Amino acid sequence: MIDLDRVQQIIEKEISPDFKISRYFDTEDMVIYFWKHKEYDPDDERGRIIGSGPVVYDKRTKEYRVMGSREWFSEEICKLFETEEEKERMHELDYLMSLFENGEENPDYTHSLIEKIKARILRRQYVNSEDVDFLSILTGARRIDKEFNLIGKPQWKFEEHIVVVSDNPVAQEKLMKIWKEIDFEYKLLSENELLLFRKKSIS
């Protein structure tokens, strides 16, 4: 059963009026309706809600419900995401984890991942926490055996700023270079604290 109007009403009532249907899959046992923020891109953390999965229509019981986030990681549903794009993302994550654990670096691949992340930031005009985390790994600021942290400070709103705490000056320089290239502001707060703006300042 495909009742998009009813599903949209459920999304707005049980999840948030800021979200809408993004796509749906008609499987043997259920229809699965995924949702996204009306304003932000799917990969923008400002448009994410933790804890709510997709809306599903159960063909057996003829009922609609919102799945919990853990419940929907079934084999059947996971197969819906076996796209080339998702496989490429898993490869990227494997490489990042290898670097984090002091594995061998492939400079060309590192450069290509940095360029991808920069392009995503520029498309959405916003820096996700994950972007900073990944760029910190790619620049060498974050390793399993290094002191590293991402923090907020009371005088800087976390939604707009993030502080990278690292004692690696070379990595700090690389991060500052990336922020220059995307034309976002940054500020060195201390010897080991680098403030990164998550939004482009409008002057």
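Predicted model only: the values in this text are computed from it and were never measured.
Looking at every heavy atom in both residues, Leu113 comes nearest to Glu92 through CD2-CG, 3.4 Å.
Val165 and Ile137 fall into different hydrophobic clusters, where Ile, Leu, Val, Met, Phe, Trp and Tyr residues are linked whenever their side-chain heavy atoms come under 4.5 Å apart, directly or through other members. In terms of hydrophobic clustering, with Ile, Leu, Val, Met, Phe, Trp and Tyr side chains grouped at heavy-atom distances under 4.5 Å, Leu175 and Ile114 are assigned to a common cluster. Cluster membership check: Val127 does not share its hydrophobic cluster with Leu195, using side-chain heavy-atom separations under 4.5 Å among Ile, Leu, Val, Met, Phe, Trp and Tyr. The hydrophobic cluster containing Ile162 also contains Leu122, counting ILVMFWY residues as joined when their side-chain heavy atoms lie under 4.5 angstrom apart, directly or transitively. Note on Leu188: it does not cluster hydrophobically with Val163, by side-chain heavy-atom contacts below 4.5 Å among ILVMFWY residues.
Checked against Asp43 for a salt bridge (charged side-chain N to carboxylate O under 4.0 Å, His left out), the options Lys116, Lys36, Arg124, Arg120 give a single hit: Arg124. A side-chain hydrogen bond (donor to acceptor under 3.5 Å, both in side chains) with Arg198 is found for one member of Glu185, Glu45, Gln125 and no other, namely Glu45.
Between Glu115 and Lys118 there is a salt bridge, with a side-chain nitrogen of the basic residue lying less than 4.0 Å from a carboxylate oxygen of the acidic one. At a threshold of 4.0 Å, the pair Arg142-Glu101 does not count as salt-bridged, since none of the basic side-chain nitrogens sits closer than that to a carboxylate oxygen. With salt bridges taken as basic N to acidic carboxylate O contacts below 4.0 Å, one links Arg46 and Asp44. Salt bridge annotation for Glu28-Lys59: absent, with no cationic side-chain nitrogen under 4.0 angstrom from a carboxylate oxygen. Lys180 and Glu173 are not joined by a salt bridge, as no carboxylate oxygen comes within less than 4.0 angstrom of a charged side-chain nitrogen.
Between Phe197 and Trp156, the angle of the ring planes goes over 60°, which puts this pair in the perpendicular group of the 30/60° scheme.
For His161 and Tyr186, the ring centers are positioned 6.0 Å apart or more. In summary, the aromatic rings of Tyr64 and Tyr57 are positioned with their centroids under 6.0 Å apart.
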Leu194/Leu189 under side chain to side chain contact (heavy atoms under 4.5 Å, CB included): CA gap, chis, key distance, verdict: CA-CA 6 Å; Leu194 174 62; Leu189 299 178; over 6 Å; no
Side chain to side chain contact (heavy atoms under 4.5 Å, CB included) between Asn149 and Val164, intermediate numbers included: CA-CA 6 Å; Asn149 205 354; Val164 176; over 6 Å; no
Worked check of side chain to side chain contact (heavy atoms under 4.5 Å, CB included) between Glu193 and Ile151: CA-CA 9 Å; Glu193 291 185 334; Ile151 62 171; 4.1 Å; yes
Evaluation steps, side chain to side chain contact (heavy atoms under 4.5 Å, CB included), between Phe34 and Val55: CA-CA 7 Å; Phe34 290 92; Val55 176; over 6 Å; no
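Asn168 places a side-chain N or O within donor-acceptor distance of the main-chain N or O of Val170, the cut-off being under 3.5 Å. Side chain of Thr110 to backbone of Asn106: a donor-acceptor contact under 3.5 angstrom is found. Side-chain atoms of Trp35 come within 3.5 Å of backbone N or O of Gly53 as a donor-acceptor pair. For the pair Asp131 (side chain) and Asn128 (backbone), a donor-acceptor distance under 3.5 Å is present. Side-chain atoms of Ser136 never come within 3.5 Å of backbone atoms of Ala141 as a donor-acceptor pair (strictly under, hydrogens ignored).
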Using a 3.5 Å cut-off and no angle test, enumerate the donor-acceptor pairs between side-chain atoms of residues 8-18 and protein atoms at least two apart in sequence or in another chain.
residue: Gln8; atom: OE1; partner: Ile21; partner atom: N; Å: 3.1
residue: Gln8; atom: NE2; partner: Glu12; partner atom: OE2; Å: 2.9
residue: Gln8; atom: NE2; partner: Phe19; partner atom: O; Å: 3.0
residue: Glu12; atom: OE2; partner: Lys38; partner atom: NZ; Å: 3.3
residue: Ser16; atom: OG; partner: Asp18; partner atom: N; Å: 3.0

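Rounded to the nearest 0.5 Å, atoms CD (Gln155) and NZ (Lys157) are 13.0 Å apart. To the nearest 0.5 Å, atom OH of residue Tyr95 and atom CD of residue Glu104 are 9.0 Å apart. To the nearest 0.5 angstrom, Ser98 atom OG is 10.0 Å from Glu105 atom CD. A distance of 7.5 Å separates NZ of Lys200 from CD1 of Ile182, quoted to the nearest 0.5 Å. Distance CD/Glu160 to CG/Leu196: 14.0 Å, rounded to 0.5 Å.
Between Tyr24 and Ile2 the shortest side-chain heavy-atom distance falls below 4.5 Å. With a 4.5 Å cut-off on side-chain heavy atoms, Tyr109 and His91 count as touching. Put simply, the side chain of Val132 does not reach to within 4.5 Å of the side chain of Leu135, judged on heavy atoms. In this structure, Pro54 and Phe25 have side chains that are not in contact, with every pair of non-hydrogen atoms separated by 4.5 Å or more. No side-chain heavy atom of Asp41 sits under 4.5 Å from any side-chain heavy atom of Tyr126. Contact of the Met90 side chain with the Glu88 side chain is not registered, since no non-hydrogen atoms from C-beta on lie closer than 4.5 Å. Looking only at side-chain heavy atoms (C-beta outward), Val56 and Tyr33 stay at 4.5 Å or farther from each other. Counting heavy atoms from C-beta outward, Ile117 and Leu138 have side chains that approach closer than 4.5 Å.
Within a 6.0 Å radius of OH in Tyr40, more than 12 heavy atoms belonging to other residues, nucleotides or ligands are found.
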